[in-house]
Amino acid sequence: MSAETVATATTGHPEHADHGGEVHESHDRMYVKIACILAVLTFLEMLTYFESIWPDGVERYFAAVLLVLMGIKFYLISAYFMHLRWDKPVLKRVFITGIVIAVVVYLIMLTAFNFWSGPGVMPH
Amino acid sequence: MSDQFNGEVERRKMSPKYDHLKRVRKYVTVLLGVSLLALAGCGSERTPLTTLDPRGEASQAIQNLVVPVFIVAGIVFVFINVGVLYVAVRFRRRKGEENEFPEQVHGNTKLELGWTIIPALIMAGIAVGTVATLVTLNTEPDNTAKDFEVRVVGQQWWWQFEYDLGRDGTVDFVTASEMVIPTGVPVDLTMTSRDVIHSFWIPALNGKKDAAPGRLSKLWMQADEEGRFIGQCTEFCGLSHAYMRMYAVAKSPADFDKWVAGQMTNAKIPAAGTAERRGLEAFTGNCAGCHLISGVNTPDCTPIKTEAEYDAKANTCWVGASPYTGAPQVSGMAPNLTHLMTRYVFVGALYELRNVDTGEINVNNLEGWIRNPEDYKPMAPEPTRGNTYGRGMPKINLTEDQIDDLVAYLSTLAPTSA
Amino acid sequence: MALVEREPLALPSGAGTGVAVEPLGVLARPHTKTGWRSWVSTVDHKKIGIMYGAAALLFFLVGGLEAMLIRIQLAQPNGTVLSADVYNQVYTMHGVTMVFLVIMPMAAAFANYLLPLQIGARDVAFPRLNALSFWMFLGGGLFFNTAWFVGGGGADCGWFCYAPNSGVAFSPTHGVDFYAVGLQIAGAASLIGAVNLIVTVLNMRAPGMTLFRMPVFTWMQLVVQFLLLFSLPVITVALFLLTFDRSFGANFFNISQGADPLLWQHLFWIFGHPEVYILILPSFGIVSEIIPTMSRKPIYGYPFMVFSGIAIGFMGWGVWAHHMFASGLGPISVAAFSLSTMFIAVPTGVKILNWMATMWGGKITFNTPMLFSAGLVAMFTIGGLSGVTHSVAPADTQQTDTYYIVAHFHYVLFGGALLGLFAGMYFWWPKAFGLMLNERLGKVHFWVILVGFNLTFGPMHILGLQGMSRRIQTYQPSDGFTFWNRVATLGVFVIAVAMLVFLYNIYASWSSWKKAGRPNPGADPWDARSLEWSIPSPTPEHNFDVIPEVHGQDDFWHRKYGEDE
Amino acid sequence: MAETLTAPAEGGHAAHDDHGHETNTGITNEKLGMWLFLGSECLLFGGLISTFLLYKKKLNTFPGFENTTIVRLGRNVFDIPFTSVSSFVLLMSSLTMVLAVSALTRDDQRRMRTWLLATVFLGSTFLAGQVYEFTAFVKEGLGYTTNIFSSAFYTLTGFHGAHVLIGIVILMTMFARSLQGKLRARNAETLEIAGLYWHFVDVVWVVIFVVVYLIK
């Protein structure tokens, strides 16, 4: 194996050694496209801040919408920019294990603090 | 107030809900006797803090759960340990077997599944009992005393008990070290703390519950019989953690009412010119910045200075010590001394204030404590980094005459009726 | 040892990787082979492992002395040997030392020494990081202990150092600052070590060494390293918050500002419960190596052993609040954590029964490692069962923070973890040093420590049920605790004797081996089963002349005796 | 002995032959190690974010503190459009980072260096924004020790900022190595691993931006 093929085949890049240079270009274009999507999503997130432009009653869905947008952004960056889509599954598993343990454990902790309901301390 | 209170207690006898516990208790007592004998073996010593001698509904409910769990654990313990010994003896390699090989068994899935599932089933059984008991302990009993509750406030290193008669959220009187409750009726306790985390534990009456600053936690306890039940703070809380004790004193409902009525009165102001009066002056001059005496300190907790103020028998001032009105994070307050002489212990409930049998005041302890508090328990009363109050009672440097006068005054602190 | 490479990177970090062909920063690998320099500059996993073990033993002596002080103070009511202030420091330092500076590094010693050998690798994945890990751990441990001399006294807040008692207002000396920073450093060391060892196991196994052919010890260490990987950041957060509170006036545990004292407890125990398994699983792994070897049988139910270890690893994340049953969590949380705790007993029970089944029908050689292993099975069971009584939340409200729980965790950590680590020391001593520890002294060590241990901690069950609180610097004559406390204090001296026997054994075995020119015990003195026994003792620096090819579980055994049937 | 060492081991795995030597997972140690570290970091930021959420709520419900200046400071101090811009800047730095790695795999040194510098520049811009934001908050009276909200906020965002700073240092080192001609296509993975760290820091900000700044 040449150094070139070793590097590309194992760094987990989407491009494969037998692909030509224009494939690199197309992947760069894909990165730019994803960055555009990310920018648009961030813009949408920001718009939720300007409550006056939204019809009444929509605000209560913002938290859910924001979390969904956040999830999409998280997915796009980790799957494409961090190559998890193309990389060996074990990396995905390690990372997801960390995320899942973090989310589950800390959600349980917040639940134990009565985070989701009522005042947390010193009821009058 | 007092009569009505008494009536409440009378009306609410034991509900049938707890009758089955009585039956369970009978044979549990037998088992308990056996396990006590086994466990305490040489322990011919009396152990007043024991967890195995329940004297109330809540602690009994725990006991009824603990005993079967201990039995199951004991069986497993014997099974495994005898098993290890048996295997060790039977399958020991003997002389001449140096080159023999046992059958190479890799496992047996069915068998192993079996000993995965059987422990799981045992645990499931224990789980059912656990949840049932948890429900019992976390449900306020129907016959809970509805006309008062006690707020238990931990601080370094003593316990304060704030009585809220009528459960209207206002504190009616305050005592320390000894929590008096009526027998035969569950009492609601609300736990909190003014500095660090403490844990309130009267082993004879219920399990422990932390008293954490900034949080309220609930506990109920009921004493079936009259008596003094000792307790100990069980969450490490600093220097005098070992010296932070308390008593739950169960009185008959009638005695309890009498006690409540007494606690509701103000302290007497001794006549001018007497040693007691000089003692009161020593108190207001040296002690009243921290200690409160109902009828002596003014509502904003500044010491009474003039004759007119004494005579006015100004309002009570205890609420100043309550965390409900904004908790100073650091112990700056000291036990409320109104009717001090209705208590038998002081200084973290560790030292005798009065003899329990004769009621005689232990002047030695009282004088010694005032003279040099740090002889009696470890404290850090000097201000330190981040703590402008210090922790515990400082040395006041009174003259011996002042100490005598002060003790004379403190000895008068009891309601007239008592 | 002429065969050791001359070029620095002939056996580079990861003699199995090499894809990133030219690392960016190339530092020459240290070459000194002898003298203290070879130890200070080493990046060899075996030397680092031995240094971990030596450091842990050193800290064990410190922690043991602290334990003796505790017991001497409690030998009589109203003890005056230590003041309350000093007592609080001594028991805190004892706990922290034993957990973080003895059992964890001792387990790390075995992991470092054995993981590469058991999977057939020439070193860990990142040898230099490995050295960094060790020196950071040592630095953290020493830093933590310097509080005695420069911090105005050691930490005085208990090993879990609950807020707000750990705040400046209530613990004004610098002991807690040393605690927070010292543990932070040691924690970072463990995190680096965890990454290193996980990569080693996942990436550097010899050909044919599939995951399910790995020895159980390697498996248990893999689980432990994952637990470390995910739990250490949580204590990192907690310790940072504490440090920021104490040093920069942050408000994380400032109750008057509305902070919640339970935040520390949750963060601490989210780390703290996986930590319990971090402490015990290595010993489970050690025993799972020794029992089959000495019984001359394969481990019974290998898949069950592995999966129960993994199950413990996962379930260990869902039980932390059982340390907080009395803290006013609320009934639903209490019930949930009570149930989850009960069911973590199941995989643990599976392990115990599988060890017994391994012994069943075997031809068991009762030498010192085996004695310690059997001792673990029996003693850990007691700790496990008292753990079950703690999982029953209402019972726990009577037992927690009494000596009953002190008895419980000493049966787990001493009767479990420590006995296992001793077993491992006797077992792998010939591999590491090329000499056997004296068997007779070893057996004396075992029986004396078994008696001493039960004398010390057995009575604590009774004391706890009699209502003796933990962490009290003294008790009253009227409490009725005197008798059993005397017994416990007697016990600690018996343990001390056992430890002296052990230290003498190390000395005597070493000197008699040197003087008498006793023969090298050879590569495989126990007729063992895993790869590390296929290479000479002491292990050559490059481990394997030829990277072995593995054809199954217990490959080395089958190479010696052929396949079963 | 020396011969046995250099002779190919069974299965064709030669001790000295590092080239083309596969790891068991097919992933290099360095990359696997980085991912493990990132998995671990999830728990770190999770803890800080949970602490922040808890204390934000606590402050709003703490008796006697409702509607005080301090609480209002905690609630309304954020300048969302400003933070949105800095979030955007950090997102774009991820793009430049991935383009730099892509350029390096082609051994396109000029582009690689350009994108690398762009990444450093964008990261620094983000940090500068954070410094500006902190200064503005302190001027409004929200210091580190003001209340539980402010302590938690500064600690969380401060930890993130520290991560960005470390990332910048790493990337600068990479840039320096490339000037020395040491960063070539064959060690593209080194840059990729640095990139993984960088993207992770970005991803954490994606979460912080929503959870800390936007959700009320």
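Since we're looking at a predicted model, the values are computed, not measured.
Heavy-atom distances place the side chain of C:Tyr561, and not its backbone, under 4.5 Å from chain B. For a residue to count as touching a neighbouring chain, one of its non-hydrogen atoms must lie under 4.5 Å from one of that chain's; by this rule C:Asp85 touches chain B with backbone and side chain alike. For chain B, the nearby part of C:Phe160 is the side chain; its heavy atoms alone come within less than 4.5 Å. Only the side chain of B:Leu137 comes within contact range of chain C, with at least one heavy atom under 4.5 Å from a heavy atom of that chain. Looking at B:Leu350, the atoms closer than 4.5 Å to chain C (heavy atoms on both sides) all sit in the side chain, from C-beta outward. The part of C:Phe366 that comes within reach of chain B is its side chain, from C-beta onward, which places non-hydrogen atoms under 4.5 angstrom from that chain. Proximity to chain C (any heavy atom under 4.5 Å) is shown, for B:Ala380, by neither the backbone nor the side chain. Proximity to chain C is absent for every atom of B:Arg94, based on heavy atoms less than 4.5 angstrom apart. Contacts between B:Pro378 and chain C at a heavy-atom distance below 4.5 Å involve the side chain alone, from C-beta outward. Contact annotation for C:Ser327: both backbone and side-chain heavy atoms come within less than 4.5 Å of a heavy atom of chain B. Neither the backbone nor the side chain of C:Gln553 has a heavy atom closer than 4.5 Å to any heavy atom of chain B. Using a 4.5 Å cut-off between heavy atoms, B:Ile126 touches chain C through backbone and side chain atoms alike. At a 4.5 Å heavy-atom cutoff, the contact between C:Gln265 and chain B is made by side-chain atoms alone. With a 4.5 Å cut-off on non-hydrogen atoms, B:Val84 touches chain C through its backbone and its side chain both. Contact annotation for B:Thr109: both backbone and side-chain heavy atoms come within less than 4.5 Å of a heavy atom of chain C. No part of C:Ser166 comes within reach of chain B, as not one of its non-hydrogen atoms sits under 4.5 angstrom from that chain. Interface remark: B:Leu111 contributes side-chain atoms only to the contact with chain C (heavy atom separation under 4.5 Å). Residue B:Phe200: no heavy atom, backbone or side chain, is found under 4.5 Å from chain C.
Between C:Asp156 and C:Arg471 there is no salt bridge, since none of the side-chain N atoms of the basic residue sits less than 4.0 Å from a carboxylate O of the acidic one.
Options B:Ala212, B:Ser240, B:Gly238 differ in how many heavy-atom pairs under 4.5 Å they form with chain C, and the most are formed by B:Gly238. For the set B:Ser217, B:Ala73, B:Pro119, the count of heavy-atom pairs under 4.5 angstrom toward chain C peaks at B:Ala73. Per-residue counts of heavy-atom pairs under 4.5 Å with chain B were compared for C:Ala84, C:Ser308, C:Gly301; the largest is that of C:Gly301. The candidate with the highest count of non-hydrogen atom pairs below 4.5 Å against chain C, out of B:Val69, B:Thr384, B:Val66, B:Leu239, is B:Leu239. Taking B:Ser199, B:Ala58, B:Ala88, B:Gly83 one by one and counting their heavy-atom pairs under 4.5 Å with chain C, the maximum is reached by B:Ala88. Ranked by heavy-atom pairs shorter than 4.5 Å toward chain B, the options C:Val377, C:Leu262, C:Thr173 are led by C:Leu262. Most heavy-atom pairs under 4.5 Å with chain B: of the set C:Leu353, C:Ile299, C:Val350, this distinction falls to C:Leu353. By number of non-hydrogen pairs under 4.5 angstrom with chain C, the leading residue of B:Arg90, B:Met244, B:Lys377, B:Glu235 is B:Glu235.
The line from CD1 of B:Ile197 to SG of B:Cys237 is 10.5 Å long, rounded to the nearest 0.5 Å. In this structure, NE2 in C:His461 is found 9.5 Å from CD in C:Gln399, a value given to the nearest 0.5 Å. A distance of 5.0 Å separates CD of B:Glu100 from NZ of C:Lys363, quoted to the nearest 0.5 Å.
Side-chain contact check for C:Tyr162 and B:Asp210: no donor-acceptor pair (N or O, by modelled atom type) lies under 3.5 Å. Of the N and O atoms on the side chains of B:Trp201 and C:Gln398, at least one donor lies less than 3.5 Å from an acceptor on the other residue. Under the 3.5 Å distance criterion, with hydrogens and angles disregarded, no donor-acceptor pair is assigned to the side chains of C:Thr341 and C:Ser391. Between the side chains of B:Asn81 and B:Tyr86, no donor-acceptor pair of N or O atoms lies under 3.5 Å. A donor-acceptor contact under 3.5 angstrom links the side chains of C:Thr389 and C:Tyr404, judged on distance only. A donor-acceptor contact under 3.5 angstrom links the side chains of B:Asn64 and B:Gln60, judged on distance only.
Checked against the 2.5 Å cut-off, the SG-SG distance between C:Cys161 and C:Cys157 falls under it.
Within a 6.0 Å radius of CZ in B:Phe79, no more than 12 heavy atoms belonging to other residues, nucleotides or ligands are found.
The minimum heavy-atom distance linking B:Ala349 with B:Tyr247 is given by the pair O-CE1, 3.8 Å.
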